[in-house]
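The figures that follow rest on heavy atoms only: side chains count, while hydrogens, waters and symmetry mates do not.
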Amino acid sequence: MGPGGAKTGIHYDATDALLHQLYGTKRVTLWPPGERANLYPSSKFNHGAELSLVDFAAPNATRHPSFGRALSISTLLTVGSALYIPAGWWHAVASLETSISLALRAQSRCQALAGVVDDVLLWLHNRGLYRHGNCVCHQAESREGEPDTSV
């Protein structure tokens, strides 16, 4: 749920998702996994996702020159529509008006097994042993120059 104008940063999730639009309208822009280098991955830790340094609402061509070459596709989600977002596909979402969405996530056994590594990293992170302060959960300590791309 969110107001018009709400946005996510560019990111990908480690699990497949089916995004259902229950109320309002959203624009979803997607980039295939092969565009990773053009999306400038962040070094910030974010459990279950990878973030981009690019501010999709106002990209900086000087800081991220190859972002303009990234291949993308965009679609509108209206009431009653749904969009499948495969794991590893980068995406950014913008609410064009007050919106309510429901995201259903699923993962295969192989993805769940791979997720164990991310869970171990989260355990280490929560104990200050992995990327503490370089993450989305400890914003005040995060690296300067990286946009707030919390998802």
Side-chain angles (χ1 to χ4, degrees), residues 1-21 24-77 81-97 99-108 110-112 114-126 130-151:
M1 269 183 354
K7 298 176 177 129
T8 70
I10 301 171
H11 67 285
Y12 81 74
D13 299 305
T15 57
D16 296 340
L18 189 58
L19 184 61
H20 295 268
Q21 192 63 23
T25 305
K26 286 186 173 179
R27 174 168 301 283
V28 181
T29 303
L30 301 115
W31 295 265
E35 293 298 330
R36 184 178 192 277
N38 292 326
L39 298 174
Y40 298 86
S42 171
S43 65
K44 285 185 182 180
F45 177 70
N46 188 30
H47 184 250
E50 185 166 8
L51 310 172
S52 168
L53 293 174
V54 178
D55 180 353
F56 184 55
N60 183 325
T62 302
R63 289 183 74 188
H64 309 113
S66 64
F67 175 68
R69 293 190 298 272
L71 300 175
S72 66
I73 187 168
S74 187
T75 189
L76 281 180
L77 283 183
S81 62
L83 177 66
Y84 172 66
I85 305 174
W89 273 70
W90 296 82
H91 54 283
V93 182
S95 295
L96 303 181
E97 57 193 349
S99 296
I100 301 173
S101 303
L102 176 66
L104 302 174
R105 301 187 187 278
Q107 58 185 357
S108 67
C110 184
Q111 287 172 318
V116 169
V117 172
D118 201 41
D119 290 341
V120 169
L121 293 177
L122 178 63
W123 185 86
L124 291 169
H125 175 76
N126 287 337
Y130 179 76
R131 293 192 184 175
H132 188 79
N134 184 23
C135 56
V136 298
C137 48
H138 300 102
Q139 256 340 93
E141 302 172 36
S142 293
R143 291 185 179 178
E144 290 184 36
E146 292 193 10
D148 179 7
T149 52
S150 305
V151 293

Item to complete: Give a yes or no answer on whether the side chain of Asn60 reaches the backbone of Arg63 with a donor-acceptor pair at less than 3.5 Å.
Response: yes
Discussion item. Contact between Val136 and Leu51 at the side-chain level, heavy atoms closer than 4.5 Å - yes or no?
Written reply: yes
Discussion item. Please determine whether the number of non-hydrogen atoms from other residues, nucleotides or ligands lying under 6.0 Å from atom CG of Leu18 exceeds 12.
Written reply: yes
Worksheet item: What residues, two or more places apart in sequence or in another chain, satisfy side chain to side chain donor-acceptor pair (under 3.5 Å) together with Ser99?
Response: none
Worksheet item: Just by distance, do the side chain of Asn134 and the backbone of Phe45 share a donor-acceptor pair under 3.5 Å?
Response: no
Worksheet item: Can you check whether Pro3 reaches Glu97 side chain to side chain, under 4.5 Å on heavy atoms?
Response: no
Discussion item. Within the 4.5 Å heavy-atom criterion, are Leu96 and Leu76 side-chain neighbours or not?
Written reply: yes
Fill in: Beyond-backbone contact of Leu77 with Thr25, side-chain heavy atoms, under 4.5 angstrom
no
Worksheet entry | Heavy-atom pair of closest approach, residues Ala70 and Glu35 | CA-OE1, 3.2 Å
Practice prompt. Using salt bridge (charged side-chain N to carboxylate O under 4.0 Å, His left out) as the criterion, list what pairs up with Glu50, not counting sequence neighbours.
Written response: Arg36
Donor-acceptor pairs under 3.5 angstrom involving side-chain atoms of residues 83-95: please list them, not counting sequence neighbours.
residue, atom, partner, partner atom, Å
Tyr84, OH, Asp16, OD2, 3.2
His91, ND1, His11, O, 3.4
His91, ND1, Trp89, O, 3.0
His91, NE2, His11, NE2, 3.1
His91, NE2, Asp13, OD2, 3.2

Practice prompt. Identify, with sequence neighbours excluded, every residue that meets side chain to side chain donor-acceptor pair (under 3.5 Å) alongside Ser66.
Written response: Asn38, Tyr40
Discussion item. Between Gln21 and Ser101, does the side chain to side chain donor-acceptor pair (under 3.5 Å) criterion hold? Intermediate values first, please.
Written reply: CA-CA 5 Å; Gln21 192 63 23; Ser101 303; 2.7 Å; yes
Response to the item:
Heavy atoms of Leu71 and Trp31 approach each other most closely as O-CD1, 3.1 Å
Practice prompt. Using modelled atom types only, decide if a donor and an acceptor are shared between the side chain of Ser52 and the backbone of Leu39 within a distance under 3.5 Å.
Written response: yes
Worksheet item: Would Val28 and Leu30 count as a side chain to side chain contact (heavy atoms under 4.5 Å, CB included) if you check the C-alpha gap in whole Å, the side-chain angles of each, and the deciding distance to 0.1 Å?
Response: CA-CA 7 Å; Val28 181; Leu30 301 115; 4.1 Å; yes
Worksheet entry | Residues in side chain to side chain donor-acceptor pair (under 3.5 Å) contact with Thr75, at least two apart in sequence or another chain | none
Practice prompt. Could you label the plane-to-plane angle of the Phe67 and Phe56 rings as parallel, tilted or perpendicular, counting under 30° as parallel and over 60° as perpendicular?
Written response: perpendicular
Discussion item. The criterion is side chain to side chain donor-acceptor pair (under 3.5 Å); which residues satisfy it with Asp119, sequence neighbours excluded?
Written reply: His47
